[in-house]
Amino acid sequence: MSKPTTGDFTKTPGWLDWYTGPSKPRFQVPAGAVDAHCHVFGPGAEFPYAPERKYTPCDASKEQLYALRDHLGFARNVVVQATCHGADNRAMVDALVNSNGRARGVATVRRSVTDQELQDMHAAGVRGVRFNFVKRLVDFTPKDELLEIANRIAPLGWHVVIYFEAVDLPELWDFFTALPTTVVVDHMGRPDVSKPVDGPEFELFVKFMRDNPNVWSKVSCPERLSVTGPKALDGEQAAYRDVVPFARRIVEEFPDRVLWGTDWPHPNLKDHMPDDGLLVDFIPHIATTAELQRKLLVDNPMRLYWPEEA
Ligand code: 0GY
């Protein structure tokens with residue numbers, strides 16, 4: 001793949017560029033697999049980063065994303081609006097309309113969005129909005145504004161993607177359970193994987209999914225959650241092995257409500273940048289049968305993002 005550039009902006013100090021030479025995964029994903037969580041950044045010279053952003057990334061273009069898709073053996077992408085673009089969805093929408101129908105998107109909108117803008121985004125392939133509660137990434141948005149947005153996008157058949165840290169789930173519970181749409185949680189609600197998989201914190205997340213059949217989870221981002229890191233101990237064990245029990249538990253208990261994504265180009269990683277091929281090789285450790293793999297990578301994302309073809 002080509003090298004990352006910086007466009008007209010200065011990257012956040014210490015910013016890690018995405019991995020330019022991802023390995024070819026040993027795990028072959030099923031035909032029609034969807035990378036259901038990835039981003040584009042800029043390029044900044046064409047699609048400027050938002051003034052209110054909390055970080056300035058390296059550029060990560062649609063061409064680079066689609067080259068990675070092909071390299072890893074995936075068929076489609078779900079491009080999620082990244083916080084560095086705020087509520088300016090142009091880079092994400094541009095990626096969708098230049099994907100030959102092989103990408104759908106998740107936008108960030110404010111209360112001021114017009115019905116026509118929502119219709120236009122729908123025509124481009126947007127199928128959801130993202131509500132972000134991670135304080136290092138975004139400023140606070142009032143819950144009444146978010147609920148108003150959720151009620152406006154519900155008739156379009158869109159869903160809400162929520163991003164939050166595990167410790168904040170109790171406080172956010174009532175708001176989440178009041179949402180009128182399918183709700184997709186990013187990265188399993190960011191569990192602290194140094195705590196037990198059957199401890200109270202993760203049990204609460206499992207209960208959240210169990211009690212609310214409209215809640216789905218992305219079992220993504222082991223590289224973000226792992227303490228043990230990418231190094232496998234021996235041939236038998238996965239990279240990011242401390243995340244395996246958490247993701248596997250969710251896949252096995254909720255096989256019809258899980259999604260997987262690379263999270264390319266991996267914003268805000270401080271210690272290491274993952275080899276995307278290695279991330280794909282993580283999948284059979286958390287979805288251990290061909291049936292679970294097909295649901296995770298094909299059936300579920302198709303039902304949510306391309307229901308007309310599912
Ligand atoms: C992710 C995670 C992060 C960032 C964003 O939109 C974003 O800036 O999502 C993060 O820093 O944890 O899903 O890409």
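Counting starts at 1 for both ligands and their atoms, in listed order. What's counted below: heavy atoms across the whole structure, side chains too, no hydrogens, waters or symmetry copies.
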* side-chain hydrogen bond (donor to acceptor under 3.5 Å, both in side chains) against Glu52, all qualifying residues, sequence neighbours excluded -> Arg110

* **With Asp276 via side-chain hydrogen bond (donor to acceptor under 3.5 Å, both in side chains) - residues at least two apart** => His266

* Less than 6.0 Å separating the ring centroids of His285 and Phe246? -> no

* **Residue pairs passing the ring-ring contact (aromatic ring centres under 6.0 Å, His included) test where at least one lies in residues 286-310, sequence neighbours excluded** => His159-Tyr305

* Does the side chain of Asp59 come within less than 4.5 Å of Phe9's, by heavy atoms? -> no

* Quick one, list the residues around ligand 1 where some non-hydrogen atom comes in under 4.0 Å, by chain and residue number. => His37, His39, Tyr55, Ala82, Thr83, Arg130, Arg136, Leu137, Tyr163, His187, Arg190, Arg224, Asp263, Pro267, Asn268

* More than 12 foreign heavy atoms under 6.0 Å from CD of Glu46: is that the case here? -> yes

